[in-house]
Amino acid sequence: MPTINAYAAQDATSPLAPYQIERRELRPNDVQLKILYSGVCHSDIHQARSEWGPSLYPMVPGHEIVGRVTAVGGEVTGFRVGDLAGVGVLVDSCQHCYNCAQGLEQYCENGHTTTYNSREKGTGKLTFGGYSTSIVVRQEFVLRVPPSLDLKAVAPLLCAGITMYSPLRHWKIGQGHRVAIVGLGGLGHMGIKLAAAMGSELTLLTTSQGKADDALRLGAHHVIISSDPGAMKAARTSFDFVLSTVPTAHDLNPYLQTLKLGGQLVIVGAIDPVGVHGGALISHRRSVSGSNIGGLGETQAMLDFCAEHGVVADIELIEMQDINAAYDRMVRNDVKYRFVIDMASLKGEQAAGPPSL
Ligand code: NAP
Ligand code: ZN
């Protein structure tokens, strides 16, 4: 089995460090990519640090992958050697349940397989993500990357982009809707770019005064400082749709109150929000929902939409060796607006440790 260089977390508290992993031999339906760029999602930090319940170690995070096809199995029809391609959060699902049949593999009734922190169907081996030099994925879970876009800025579309695009499409957001995005981070800045391209009137709700100018440049029409109770009170019953990317536990009520009659608050970040006030829902027939990334077909549609509208992420390119500092900066809310790892930096790394799958 081919052994390659990667960066891994060995447990919830150690920094990520060089590590060697094995990638499976190509199956007839597999595509092998040389990884060029890998985005750094806040979910990587949550999982590397076991913040979402027990994680599987060793863990090679990374689910915003752009690369070039270096080999294909004998039954692959959708990709050829030399093609640009992407891999997001999912690498497998049952492909036959009701949800998979609808193109909703992220809600597979039999359990999808994620790019890392998961186990391969059949073998039970750990999956390893994009902080590595190559990956092997069945072709149904490989995306076509439009060559017209800046490749390093495309990587974040594979998670941040689709996680914003899917709820905007599901709730049919467009012209005539008043939309608020909560949090200007990796997801939030993609939410603003995408919702702006879809024609909605956009407000950023942010804790960071210093991000107001950026928000307007990215496509927002208004900015509200969410930590200012007066400003939040003034924004009551303003929005049709509020899409929240806040990554940590927080009180939902101030955001709920900003919804108009029949408005929808969609959470993609915090898994432990608090304080949904029944009165706030009942008085204005408001709803609270969650949303998980997007299906494969929808992810391809999102990439094609981004190519059509010239939408990519605002990124800071880093080397693999900078990853622990990058995590610390993300937690301190100090990134504009997505770190992307230049995977060429991992080539000569002296990888340590035998694979222990
Ligand atoms: P990020 O880049 O760190 O951005 C999060 C933003 O939230 C920050 O920039 C900040 O924006 C705001 N924020 C941070 N702490 C806050 C607090 N205590 N109260 C209010 N706002 C706060 O993170 P990300 O990569 O965009 O990910 C956001 C969340 O979505 C993470 O929890 C991630 O795991 C999750 N996620 C979910 C899915 C899904 O499918 N559901 C997919 C990917 C990621 P301001 O400075 O503007 O306030
Ligand atoms: Zn992600």
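Numbering of ligands and ligand atoms starts at 1, following listing order. Computation of the quantities below employed the complete heavy-atom set of this structure, encompassing side-chain atoms and omitting hydrogens, waters and symmetry-equivalent molecules.
- Atoms of the protein (N, O or S only) found under 2.8 Å from the Zn ion (ligand 2) are Cys41 SG, His63 NE2, Cys159 SG.
- In this structure, Val268 and Met164 have side chains that are in contact, with non-hydrogen atoms separated by less than 4.5 Å.
- Protein residues with a heavy atom under 4.0 Å from ligand 1 are Cys41, His42, Ser43, His46, Trp52, Cys159, Thr163, Gly183, Leu184, Gly185, Gly186, Leu187, Thr206, Thr207, Ser208, Lys211, Thr245, Val246, Pro247, Thr248, Val268, Gly269, Ser291, Asn292, Ile293, Asn333, Arg338.
- Looking at every heavy atom in both residues, Cys97 comes nearest to Asn110 through CB-ND2, 3.9 Å.
- The salt bridge (Lys or Arg N to Asp or Glu O under 4.0 Å) check on Asp30 picks up Arg24, with sequence neighbours excluded.
- Annotation: side chain of Leu281 is in contact with side chain of Leu256 (closest heavy-atom distance under 4.5 Å).
- Side-chain atoms of Gln139 come within 3.5 Å of backbone N or O of Gly78 as a donor-acceptor pair.
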Which donor-acceptor pairs under 3.5 Å do the side chains of residues 299-316 make with protein atoms, sequence neighbours left out?
from   : atom 1 : to     : atom 2 : distance (Å)
Thr299 : OG1    : Gly295 : O      : 2.6
Gln300 : OE1    : Arg144 : N      : 2.8
Gln300 : NE2    : Arg144 : O      : 2.9
Gln300 : NE2    : Asp304 : OD1    : 3.3
Asp314 : OD1    : Lys193 : NZ     : 2.6
Asp314 : OD2    : Arg217 : NH1    : 3.2
Asp314 : OD2    : Arg217 : NH2    : 3.3
Glu316 : OE1    : Arg329 : NH2    : 3.0
Glu316 : OE2    : Arg329 : NH1    : 3.0

Next on the checklist: Under the criterion salt bridge (charged side-chain N to carboxylate O under 4.0 Å, His left out), I'd like the reasoning laid out for Asp240 against Arg178: C-alpha separation, chi angles, the key distance, then a yes or no.
Outcome noted: CA-CA 5 Å; Asp240 300 291; Arg178 297 191 69 192; over 6 Å; no
Checklist entry - Between Gln257 and His284, is a side-chain hydrogen bond (donor to acceptor under 3.5 Å, both in side chains) present by the stated rule, with each step listed? => result CA-CA 9 Å; Gln257 300 284 1; His284 291 75; 5.9 Å; no
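- Side chain of Ser345 to backbone of Asp342: a donor-acceptor contact under 3.5 angstrom is found.
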